[in-house]
Q: 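Quick one: the structure is below, and I'll ask about it shortly.
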Amino acid sequence: MGIGDSAEDRHAPPRLGELEQSLAVAADLGGMTEALARACAWMGRVGWTVMLFQVDGTHLFPCGVAGLGGRWQPPLRPLSTGEVWPVSRAALGQERAGCGTPGPYPLPAKAGATAWMVLPLTKGHGVAVALRPGIVSFPTTEQDFLREAANLLDRYLPGLVGTSRTEASLPRLTPRATGAFRLDLADEQVQCDDTFARQHALPGPGRHPLTDILRRIPAHDLASIEEILHRLRAQPGTFEANYRLTTDGGRIRHLRAHCTSDLDDVGKSTTVTGHVTDITDDAEQLGQREALLREQLRRADRMISLAASAASASGTRELAAAACEALAVFGADALVIAEARHGRTHVVTTVGYDDEHRAAVDRVCLTARTPLTDALRNQQAVFSPSRHDLLSAYPHCTATLPRFKRHAWAALPLPSADPGIPAACMLSFNRPHAFHASDQPLLIAAGALLGRALERCRTYDAEHERAVRLQRSLLPAHLPQHPGLHLAAAYYPAAPHAHAGGDWYDAFPLADGRIALTIGDVEGHHTKAAALMGRLRTALRAYAALTPDPATILHHTNNLLTAENDAAPEQALLATCCLIALDPDTGRLDCATAAHPAPLVHTPDGAPAPHVTPGLPLGVLADTSYPTTRVTLPPRSRLLLHTDGLTDTPHTDPDHARRQLRTELAASAHDAAALALHQITTACLTTAHPNDDAAVLLAHLVPTDRH
C-alpha cells in the first residue's frame with residue numbers, strides 16, 4: 001500500500017518539509033501520490049488520487065493513485081466536469097469535503113462509508129482527492145494539512161505535466177487568413193481574391209467556374225454541398241457552412257464560409273457573397289482530442305473486460321492469457337507472471353514467451369537488477385519505454401539485449417495474500433511504447449486485478465494437479481506382457497478449467513489366457529467422476545475373475561452402478577465402456593460396448609472393420625444385456641481404443657476426427673506401438689489445452705513362431 005500504519009507514524013506531527021522534498025524529487029506522478037500517502041500516515045489509512053484534465057479540458061482521468069484499496073479507487077472511465085460528483089465540481093474550482101456515502105467519485109456499494117476531501121489544483125491541472133475509509137470525517141486540523149499538501153503538489157506538478165488547462169482557456173489571438181468571394185448563381189461563376197484562390201487551389205484571383213471548386217470536394221460530401229447551394233438559391237439570408245476539399249497533394253483541408261445570398265428585383269437569389277477561413281488546424285486538433293478520448297474509453301473498456309476475465313479465469317495460464325489479450329490495447333504482446341521464492345524469481349506462467357525468453361526471467365537472483373526483479377523486490381512499478389531507456393537504467397543488460405525480441409517493458413507488482421511471497425507481472429511490447437500519464441495508472445490497476453485473481457488461480461492449479469495425480473494413480477502402472485501382443489496406452493488430462501475427468505484404460509489377463517482390453521469414460525469433470533472411474537475399473541477386474549465373457553462382465557458392472565444411482569439419484573452418474581477379450585495367439589476377440597465408441601481396427605490387407613453393436617450406458621437400466629461382436633484378426637493387425645476426448649472437441653466434426661484417427665492408425669502401422677501411439681495422438685489432439693480428458697489404448701498383434 002505504500003503507507004506506514006504503525007502507532008508511531010499515526011501520532012507523528014505533520015511533516016510538510018519532508019513531503020516537499022519528496023515531491024521535488026519525484027520522477028513521476030505515481031511517486032508524488034505515494035509521497036502524499038506517506039505524509040498522511042499520521043492520520044491513519046489515507047489514500048490519494050490525482051485526477052488530471054485531458055487535452056479537451058472537459059474530462060478528468062485518474063493519473064496517480066496511491067494508498068487506496070481496490071474498492072476505493074476511482075473508476076477507470078473519464079469523468080466529465082459536467083457530472084454531479086464532487087470531483088467534477090472541484091474541477092471548476094470548488095473545494096469539497098464530506099463523509100459517508102456517496103463518495104467523491106463513483107464507488108461500488110461494498111466500499112462503505114468514507115471521509116474525503118477534494119481539492120482543486122490551482123494551476124488548472126485537475127483535482128487531488130484524499131480519502132480515508134470509515135465514518136470519521138476529517139477534522140479542521142487534518143483538512144488544513146491536506147490543503148497544504150495539495151498546495152505543495154500544485155507547486156511541483158507542472159514539472160511533470162506538460163500541458164495546462166489554464167493556458168488553453170486563456171484568451172489569445174490566432175492569426176487567420178480570410179479569402180473573399182462572390183458567386184453568381186445564374187452562370188455559376190466565382191469571383192475571388194488571392195487568398196480564396198490559394199485556399200481552393202485555383203490558378204489565381206479572378207473569375208473561375210464553380211465546377212473547378214466542386215471537383216475538389218470529396219465524393220461523399222458532394223450531396224451536402226448541392227443541398228447547401230439549393231438552399232442559397234431558394235432562401236435569402238446570412239449563413240455559415242463548414243466544408244472540406246482535397247488539395248493537389250491529397251491532403252484534406254477544412255474550410256468555414258460566412259456568406260449572404262442577395263435578392264434581385266423579382267425576389268430571387270442571384271448572388272452569394274462572403275469570406276472563407278481555413279480551420280484545418282482546429283478541426284485536426286478536435287479530431288485528435290476525440291481520438292484520444294475514444295482511445296481512453298476503449299482502454300477503460302478493456303480493463304473492465306480484464307476484470308471479468310480475471311474473476312472467471314480457471315488457472316494461472318488462463319489468467320495470463322486473458323490479461324495479455326486485454327492489455328493488447330496498450331500494444332503488449334507477451335506477459336510473464338513470477339513470484340519471489342527462496343531469493344530467486346519463480347515463473348508461474350507466461351504468454352507469448354518462447355523457452356529461451358522464459359528461461360531468461362526464471363530462477364534469477366533477486367539481488368540482480370532487472371525490471372522484473374526490481375518490481376518483485378521493491379514492489380514498485382518499473383516502466384522501460386524503449387531499449388535505450390532500459391539500458392540507461394540497466395546498463396549491464398547491454399550484452400544480452402540483442403537476443404530479446406521486445407522493445408519496451410512494464411513490470412508491475414501484484415498484490416499478494418501472502419506478503420512472504422511477492423508477485424509481479426511483466427508486460428513486453430514488440431515496439432517502443434511511450435507510457436503516458438494515463439497509461440501508468442491503468443496498467444497498475446491491471447496489476448491489482450491480476451494480483452487479486454492470482455491466489456485463487458494458484459489454488460485452482462494446485463487442485464487440478466491433485467486431481468490429475470488422483471486420476472493417474474487410478475490407472476494401471478503396467479500393462480501385461482505377451483509375446484504376441486504389444487500394448488501402449490496414454491492418458492491426457494483436460495485443461496485446468498475442466499477439472500478432473502473420468503476417462504480410463506486398463507489391460508489385464510483373463511482366467512482363460514486371453515487379455516482383457518478395456519477403456520471407458522465417466523460423465524462429468526470432477527473428483528466424483530475420477531473416484532467412480534477407479535471403482536468401475538476395480539469392478540470390471542473383479543467380475544472378470546468370475547467370467548471371461550465381456551458381455552457378462554458389463555452386465556454385472558451395470559447392475560452395480562444402477563443400484564448406486566437408484567440409492568442416490570441426486571448423485572447419479574453414467575459411464576460408457578468398451579471391453580474386449582483378445583487371444584493374441586489366434587487373433588480371436590470378443591467385444592462388448594456400453595454406448596462407447598467402437599474400437600478402430602487396421603489389418604494388413606485393409607479389410608473393413610467389423611460392425612460393433614453398442615448397448616446402453618452403464619448405470620441407466622438394471623439387467624441390461626450387452627451384445628457381443630466376435631471376429632478373428634490376422635497377425636500384424638492393430639486395435640485402437642479411445643474415449644471421445646480425442647474426437648468430440650469444440651469446432652471439430654466427430655466423424656471427421658474418427659476418419660483422421662483411422663488415417664493416422666494406418667499411417668503408423670509399421671512403427672512400434674509406443675511410437676505409433678505418440679504419432680497418432682500428436683496429430684489428432686488439436687489443442688494443447690483440451691476441454692475434455694482423453695484416454696487411448698493401442699494393441700498390436702505381433703507374429704510369433706506359432707504363426
Q: Identify the heavy atoms of Ala197 and Pro205 that sit nearest to each other, and give their distance.
A: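 Where Ala197 meets Pro205 most closely, the heavy atoms are CB-N, 4.0 Å.
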Q: Take atom CD1 in Ile135; do more than 12 heavy atoms of anything else shown fall under 6.0 Å from it?
A: no
Q: Could you report the tightest heavy-atom contact between Trp48 and Ala128, atom names first, then the distance?
A: CZ3-CB, 3.8 Å
Q: Pro86 and Trp116: which non-hydrogen atoms are nearest, and at how many Å?
A: CG-CH2, 3.5 Å
Q: Within the 4.5 Å heavy-atom criterion, are Ile228 and Tyr243 side-chain neighbours or not?
A: no
Q: Please say whether more than 12 non-hydrogen atoms of neighbouring residues, nucleotides or ligands are located less than 6.0 Å from NE2 in His388.
A: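 No.
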Q: Determine, stepwise, if the pair Ile213 / Phe196 fulfils side chain to side chain contact (heavy atoms under 4.5 Å, CB included).
A: CA-CA 11 Å; Ile213 298 175; Phe196 184 95; 3.7 Å; yes
Q: Going by the salt bridge (charged side-chain N to carboxylate O under 4.0 Å, His left out) test, which pairs reach into residues 177-187, not counting sequence neighbours?
A: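 Counting only pairs at least two positions apart or across chains, the salt bridge (charged side-chain N to carboxylate O under 4.0 Å, His left out) contacts touching residues 177-187 are Asp187-Arg207.
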Q: Quick one: are Glu95 and Arg147 in side-chain contact, heavy atoms under 4.5 Å?
A: yes
Q: Measure across Asp154 and Pro120 and return the closest heavy-atom pair with its distance rounded to 0.1 Å.
A: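 Distance-wise, the nearest heavy atoms are OD2-O, 4.3 Å.
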Q: Working to the nearest 0.5 Å, report the span between CZ of Phe181 and CD of Gln199.
A: 10.5 Å
Q: How long is the gap from CZ on Arg155 to CG on Leu121, to the nearest 0.5 Å?
A: 14.0 Å
Q: By side chain to side chain contact (heavy atoms under 4.5 Å, CB included), which residues pair with Ala35, not counting sequence neighbours?
A: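 Only Leu19, Ser22, Leu23, Arg38 meet the side chain to side chain contact (heavy atoms under 4.5 Å, CB included) criterion with Ala35.
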Q: Take a 6.0 Å sphere around CD of Glu227 and say whether it holds more than 12 heavy atoms from other residues, nucleotides or ligands.
A: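 Open.
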Q: Using modelled atom types only, decide if a donor and an acceptor are shared between the side chain of Arg431 and the backbone of Ala408 within a distance under 3.5 Å.
A: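 No; judged by distance alone, with no hydrogens or angles, the pair does not exist.
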Q: Which atom pair, heavy atoms only, marks the closest approach of Thr280 to Ile252?
A: CG2-O, 4.0 Å
Q: Measuring from Phe145:CZ to Phe138:CZ, what's the distance to the nearest 0.5 Å?
A: 11.0 Å
Q: Within this structure, what is the CG-CG distance for the pair Leu157 and Leu152, rounded to the nearest 0.5 Å?
A: 12.0 Å
Q: For Thr238 and Thr260, does a side-chain donor sit closer than 3.5 Å to a side-chain acceptor?
A: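 Per modelled atom types, Thr238 and Thr260 side chains form a pair under 3.5 Å.
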Q: Below 4.5 Å, heavy atoms only, C-beta onward: do Leu131 and Thr49 meet side chain to side chain?
A: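 Sidechains of Thr49 and Leu131: no contact.
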Q: Hey, could you give me the CD1/CZ distance between Ile279 and Arg253, rounded to the nearest 0.5 Å?
A: 10.5 Å
Q: Any luck finding a side-chain donor-acceptor pair between Asp389 and Ser392 under 3.5 Å?
A: no
Q: Just how far is it from atom SG of Cys192 to atom CZ of Arg198, taken to the nearest 0.5 Å?
A: 10.5 Å
Q: I'd like to know if the side chain of Arg216 and the backbone of Thr246 have a donor-acceptor N/O pair within less than 3.5 Å.
A: yes
Q: Taking side chain to side chain contact (heavy atoms under 4.5 Å, CB included) as the definition, give me every residue that meets it alongside Glu226, ordered by chain and number, with sequence neighbours left out.
A: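 With sequence neighbours excluded, Glu226 shows a side chain to side chain contact (heavy atoms under 4.5 Å, CB included) to Leu214, Leu229, given in chain and number order.
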Q: Less than 4.5 Å apart, any side-chain heavy atom of Leu146 and any of Met43?
A: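 Sidechains of Met43 and Leu146: in contact.
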Q: Do Val272 and Leu185 have side chains that get closer than 4.5 Å, going by heavy atoms?
A: yes
Q: As a quick check of understanding, evaluate side chain to side chain contact (heavy atoms under 4.5 Å, CB included) for Glu20 and Glu148, giving each step before the final call.
A: CA-CA 10 Å; Glu20 183 171 8; Glu148 291 295 330; over 6 Å; no
Q: Please identify each residue that fulfils side chain to side chain contact (heavy atoms under 4.5 Å, CB included) with Pro209, with sequence neighbours left out.
A: Gln189, Thr211, Asp212
Q: Would Asp333 and Arg406 count as a side chain to side chain contact (heavy atoms under 4.5 Å, CB included) here? Give the steps.
A: CA-CA 9 Å; Asp333 69 335; Arg406 304 309 194 275; 3.2 Å; yes
Q: The test is side chain to side chain contact (heavy atoms under 4.5 Å, CB included); show your working for His254 and Asn242 and say whether it passes.
A: CA-CA 7 Å; His254 296 259; Asn242 293 345; over 6 Å; no
Q: State which residues pass side chain to side chain donor-acceptor pair (under 3.5 Å) with Glu142; sequence neighbours excluded, sorted by chain then number.
A: Arg132
Q: Going by side chain to side chain contact (heavy atoms under 4.5 Å, CB included), name the residues that satisfy it together with Ser224, two or more places apart in sequence or in a different chain.
A: none
Q: Taking all non-hydrogen atoms of both residues into account, name the closest pair between Asp193 and Gly179 and its distance.
A: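 Where Asp193 meets Gly179 most closely, the heavy atoms are OD1-CA, 3.6 Å.
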